[in-house]
Amino acid sequence: MMTNKPISKLIAMGCLSLLLQSCSIPFLNIKKTDAPLPKQFEQNAEQKSSEIQSKENAALINWKDFFEDEQLTTLIDIAVANNKEVKQVLARINMARNEIQARKGEYLPSVNVVAGAGGEKSAQYTRNGAVEEGLEIKEGKAFPKFLGDYQFGLQASWELDVWNKLHNATQVSVLEYMASIEGKNFLMTNLVAEVSNAYYELITLDNQLENLDNNIQIQQNGYEIVQQLQQYGRVTALAVKRFEAEVSKNKSNRYAIKQQIVETENRFNLLLGRTPQPIHRASATFMSITPKALSAGIPSQLLENRPDIKKAELEMAAAKLNIEVAKANFYPSFSIKAGLGFQAFNPKYLLNLPESLAFSLGGDMIAPLVNKRAITAHYINANEMQTQAAYEYEQTVINAYTEVANQLANIDNLNKNYQLKTQQVNALTDSIEVSNQLFKAARADYSEVLLTQRDALEAKMQLIETKEKQMTAMIGLYKSLGGGWH
């Protein structure tokens, strides 16, 4: 039994070791985040008092309520269920959840069943050999040349989490698991936006194709008219050929648009996690759709609604806690080991009680003393990772604010653009009929008719594209506010 004096010496040595360890730990600064947000989103003077600056936030609207097109919501449902990237992220989330259980198991006692069989022969001119030479076994026989060793029982070990290293490591796993969930939510936000953008891109191509067909019909009628006028000597063959060439050009453009439709449908089906097949969509009412007026709320709500910001925040917290985990490596680790079971040189004595009963109990203290470069490097790297995570968080916050500000300005400018484009299209549509009448009355040249038709076609195409941009901007604002994952 140990006396108080050796115990005191052991405690003194442990305290001295701790003091030496604490003195050798490098001092590191923890990076604090600095990403202040304005109180309001920057708007034009006309919009500063509008509902867009209220605290109501479109991000809180469920995507099934946000999109009113039933065919679009059905397609989003399919994408959510089948998208391969979503399934990969769900697998990573399950891995992160399992990592929590693995870390929890590290600071709980471990108990193992141990069984073994073996034997040994001691050399005669050794301590064991000399002892065996002068002893007899229980049955009055001399020790055998090859002495067996049979055992089975329980062994337990437990590392004492004195410095909260294992507990903090578990908390890091919890934070990383929560961050993976936010990562999935951010993927859902992007997926909903991608599917809806692809949907309106397809509808835009449908409307452009229809507009091109209508224009071809108008030009085909003009072509037939100049053919008749050529017979009466009113126009030359040049006019007929120019009309014919314009019709052929626009007919060839039809196939370019049709190819775009095929490629867009195939890309759409990839988002839906399925092989190429037709996409059902409502194209007829596209030009009559009015984009929703969305409330952006206030910038500070981005911290609550954007999954990428919450993910970055959790990763930053995990990185900060990892510094404490790395720091604990400088301190001694303590563990307790115990064993209980049966042991005998012959199997027939293995279960004899109490002769074959064996047990053990001990404790360890292990502390790094020499060559701690690896521990120091790991500690410094943990600090650098925390600094990196803090900067990533700041960058994510700034990027989120910028995205919202861009989309707000984009929506305002597109609305004004669409109004003027509409006026242009209406004027050019009316001018087609006027140019045809003037041409028939020989008061306008055929080139003026062709130029008017060409300008009307181009303007209508641009109007359709502007409508698509309006829908895309609306979706972009919904996404940048953090909507789409609820």
Side-chain angles (χ1 to χ4, degrees), residues 200-264 281-291 410-473:
Y200 287 115
E201 183 181 348
L202 268 178
I203 290 179
T204 298
L205 291 171
D206 290 341
N207 278 263
Q208 287 181 335
L209 185 61
E210 182 184 6
N211 177 55
L212 186 59
D213 287 339
N214 292 337
N215 196 267
I216 290 173
Q217 186 60 48
I218 293 172
Q219 291 176 342
Q220 184 68 38
N221 293 337
Y223 173 60
E224 293 172 358
I225 290 173
V226 295
Q227 282 183 313
Q228 294 175 1
L229 293 177
Q230 183 189 21
Q231 294 177 0
Y232 295 105
R234 293 275 302 278
V235 296
T236 64
L238 178 61
V240 175
K241 292 299 181 182
R242 288 292 300 275
F243 269 88
E244 181 182 1
E246 193 71 16
V247 171
S248 298
K249 182 190 76 173
N250 288 328
K251 282 184 177 180
S252 67
N253 287 339
R254 289 186 78 256
Y255 295 101
I257 295 177
K258 291 181 77 171
Q259 178 60 25
Q260 284 183 271
I261 291 174
V262 170
E263 292 178 1
T264 305
R281 52 195 183 269
S283 303
T285 59
F286 177 58
M287 296 306 293
S288 62
I289 298 175
T290 302
N410 192 25
I411 288 173
D412 180 55
N413 290 324
L414 283 171
N415 288 339
K416 296 173 182 177
N417 186 359
Y418 188 79
Q419 292 174 5
L420 294 173
K421 283 288 182 187
T422 302
Q423 295 176 14
Q424 179 190 13
V425 168
N426 292 337
L428 287 172
T429 301
D430 294 340
S431 68
I432 291 177
E433 182 61 27
V434 173
S435 64
N436 286 335
Q437 295 299 329
L438 291 174
F439 177 67
K440 290 177 183 178
R443 296 175 61 187
D445 188 69
Y446 71 88
S447 59
E448 293 178 284
V449 176
L450 285 174
L451 184 60
T452 301
Q453 292 176 350
R454 191 177 298 165
D455 288 345
L457 172 62
E458 182 180 345
K460 186 62 182 295
M461 288 292 196
Q462 291 177 354
L463 182 66
I464 296 172
E465 288 179 1
T466 304
K467 173 64 73 174
E468 180 195 7
K469 290 178 180 178
Q470 282 186 306
M471 301 305 296
T472 301

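Note that this is a predicted model, so its numbers are computed, not measured.
In this view, Asn214 satisfies the side-chain hydrogen bond (donor to acceptor under 3.5 Å, both in side chains) rule with no residue, not counting sequence neighbours. In this view, Arg234 satisfies the side-chain hydrogen bond (donor to acceptor under 3.5 Å, both in side chains) rule with no residue, not counting sequence neighbours. By the side-chain hydrogen bond (donor to acceptor under 3.5 Å, both in side chains) test, Glu448 is found to be paired with no residue, residues two or more places apart in sequence or in another chain being considered. Every residue two or more places apart in sequence or in another chain was checked for a side-chain hydrogen bond (donor to acceptor under 3.5 Å, both in side chains) with Asp430, and none qualifies.
Looking at heavy atoms from C-beta onward, Val449 lies out of side-chain contact with Glu246 at the 4.5 angstrom threshold. Using a 4.5 Å heavy-atom cutoff, the side chains of Phe286 and Ile464 are in contact. No side-chain heavy atom of Leu209 sits under 4.5 Å from any side-chain heavy atom of Leu205.
In the model, Tyr223 has a side-chain atom that pairs as donor or acceptor with a side-chain atom of Gln227 under 3.5 Å. In this model, no donor atom of one side chain and acceptor atom of the other lie less than 3.5 Å apart for Asn215 and Gln453. For the 3.5 Å distance criterion, the side chains of Glu224 and Gln228 fail to qualify, holding no donor opposite an acceptor.
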Side-chain donor-acceptor distances from residues 417-428 under 3.5 Å, at least two apart:
unit_1	atom_1	unit_2	atom_2	d
Lys421	NZ	Gln462	OE1	2.3
Thr422	OG1	Tyr418	O	2.7
Asn426	ND2	Thr422	O	3.2

Subject >> Met287 vs Leu463, side-chain contact (heavy atoms from CB on, under 4.5 Å): CA-CA, chis, key distance, verdict >> reply: CA-CA 9 Å; Met287 296 306 293; Leu463 182 66; 3.9 Å; yes
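Between Ile261 atom CD1 and Glu201 atom CD the span is 10.5 Å, to the nearest 0.5 Å. One distance of note links CD of Gln219 with CG of Asn250; it measures 4.5 Å at 0.5 Å rounding. Between the OG1 atom in Thr429 and the CD1 atom in Ile218 there is a gap of 8.0 Å [rounded to 0.5 Å]. Gln208 contributes atom CD, which lies 11.5 Å from atom OG of Ser283 (distance to the nearest 0.5 angstrom). Here Lys241 contributes atom NZ and Thr236 contributes atom OG1; the two are 11.5 Å apart, rounded to the nearest 0.5 Å. Taken from OG1 in Thr290 to CD in Gln470, the straight-line distance is 8.5 Å, to the nearest 0.5 Å.
Contact record, Asn211 with Leu457: ND2-CD1, 3.4 Å, taken as the closest heavy-atom pair. Taking all atoms of both residues into account, the shortest heavy-atom contact from Lys467 to Pro291 is NZ-CD, 4.3 Å. Thr204 and Glu468 make their closest contact through OG1-CB, 3.1 Å (heavy atoms, listed as atom of the first residue, atom of the second, distance). Of all non-hydrogen atoms in Asn207 and Ile203, the two that sit nearest each other are ND2-O, 2.8 Å. Of all the heavy atoms in Ala473 and Asn410, the pair that sits closest is CB-ND2, 3.6 Å.
The salt bridge (Lys or Arg N to Asp or Glu O under 4.0 Å) pairs that include a residue from residues 253-263 are Asp213-Arg254, where partners are two or more places apart or lie in different chains.
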